[in-house]
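Scope of the values below: all heavy atoms of this structure, side chains included, with no hydrogens, waters or symmetry mates. In each ligand, atom 1 is the first atom listed, and ligand 1 is the first ligand listed.
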Amino acid sequence: MPTTATAQHRTAELEARIATDPGGFRVLTGDRPTGPLHLGHHLGTLANRVRLQDAGVEVFVVIADHQVVTDRDVAGDLRGNVREVLLDQLAAGLDPRRTTFFTHSSVPALNQLLLPFLSLVTVAELRRNPTVKAEAAGGRPMSGLMLTYPVHQAADVLFCGANLVPVGRDQLPHLETTRSVARRFNRRYGQVFAEPEALLSAVPLLLGTDGAKMSKSAGNAIPLRASEDETARLIRSARTDAHRRTTYDPAARPEVSSLLLTASVCTGVPPEVLADEIGDGGSEQLKRVVTEAVNEHLRPLRERRRQLSGADDHLREVLARGNRRANAIADDTLRTVREAMGMSY
Ligand code: TRP
């Protein structure tokens with residue numbers, strides 16, 4: 001298993017190659033449609049997707065509806081959530097003429113790849129995956145789909161021939177599963193799949209308004225679609241500490257520092273400089289600065305989102321077109337896989 005340091009080193013090499021030969025890369029990435037995306041997504045993954053797209057890399061984005069039911073019994077308003085996730089991506093600057101959006105459930109051949117792929121991994125390997133392990137340790141009964149979802153995720157990447165997967169550190173083990181599946185398939189049945197590589201993204205870890213990691217499910221995030229007033233309210237409710245003076249000290253003052261970091265990534269001003277400017281203004285002044293920075297940063301995105309949200313026909317068409325393209329590619333891949341396995345009759 002490669003270390004983070006190896007992946008970081010490799011990422012630098014890959015970035016250099018992307019700059020000179022963007023057409024040599026195809027990216028697959030995605031999100032679970034469990035609710036609208038938030039500021040952490042934008043500063044981390046969405047901005048990175050837009051950057052790769054604009055550099056000339058072909059991007060595929062899966063709206064991973066089948067993954068929603070890995071660890072919950074109730075999928076919620078899937079149709080509404082798929083729409084929100086799609087809107088967030090388009091508003092962030094992903095262009096449906098260059099980037100392909102699709103949903104798992106609309107691409108049967110992708111899902112069919114799960115069967116041969118499952119034959120290439122052991123149950124012990126699946127149980128060692130950190131996400132699966134954490135779920136098992138949670139004490140709830142674990143679904144078979146939860147146990148096998150890293151392999152389903154391998155199918156997302158491999159069906160479309162992606163050779164690059166932007167990931168945070170925590171997703172490196174998933175990519176290792178994808179690489180093992182590709183390698184073992186090729187060894188057993190002949191060369192079919194490229195072994196995709198991880199592109200580590202330098203994502204600042206933003207804390208939510210309660211001081212814990214910002215997450216859709218924790219209710220502590222600033223949704224991209226929130227109004228400016230809602231944003232102000234959410235930031236006003238954020239946890240700080242009792243010191244009057246604002247300083248940037250992530251170890252000793254995680255909440256205040258995360259707020260400073262949020263304003264910093266939105267404005268490009270270093271957090272220490274912002275802290276100095278706020279000085280003895282207290283948490284009210286800190287929160288005013290952060291609110292202004294976030295609202296300013298998101299204003300163009302929110303404006304595009306508002307325009308697009310009235311265009312239901314356009315949204316439906318974007319997804320229909322993406323699904324058609326994903327199906328054409330998945331059908332081809334499945335045909336190749338069946339031939340390689342001697343299953344074409
Ligand atoms: N598991 C990812 C998430 O929860 C979403 C996802 C589905 C994904 N398939 C993928 C990410 C393939 C990268 C590659 O956000």
State whether the shortest distance between N or O atoms of [X] and N or O atoms of ligand 1 falls below 3.5 angstrom.
{"X": "Asp31", "result": "no"}
{"X": "Arg32", "result": "yes"}
{"X": "Asp156", "result": "yes"}

Assess the side chains of [X] and [Y]: does a donor N or O sit below 3.5 Å from an acceptor N or O?
{"X": "Arg288", "Y": "Gln285", "value": "yes"}
{"X": "His104", "Y": "Asp156", "value": "yes"}
{"X": "Arg302", "Y": "Asn295", "value": "yes"}
{"X": "Asn48", "Y": "Arg51", "value": "yes"}

- Among non-hydrogen protein atoms, atom 5 (C) of ligand 1 lies closest to Gly30 O, 3.4 Å

- Item | Closest approach of any protein heavy atom to atom 6 (C) of ligand 1, naming residue and atom | Gln153 OE1, 3.6 Å

- Item | For ligand 1, the portion of Gln67 having any non-hydrogen atom under 4.0 Å away | side chain

- Message: Using the rule given for side-chain contact (heavy atoms from CB on, under 4.5 Å), can you reason through Phe193 versus Thr333, listing the C-alpha separation, both sets of side-chain angles and the distance that settles it, and then say yes or no?
- Response: CA-CA 9 Å; Phe193 294 109; Thr333 305; 3.8 Å; yes

- Message: Suppose I only count heavy atoms of Ala64 and a 4.0 Å limit; which atoms of ligand 1 are within that range?
- Response: 7 (C)

- Which atoms of ligand 1 are found less than 4.0 Å from any heavy atom of Leu28?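 Those atoms are 12 (C), 14 (C).
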
- Query: Does the gap between the ring centers of His174 and Tyr149 come in under 6.0 Å?
  - Reply: yes

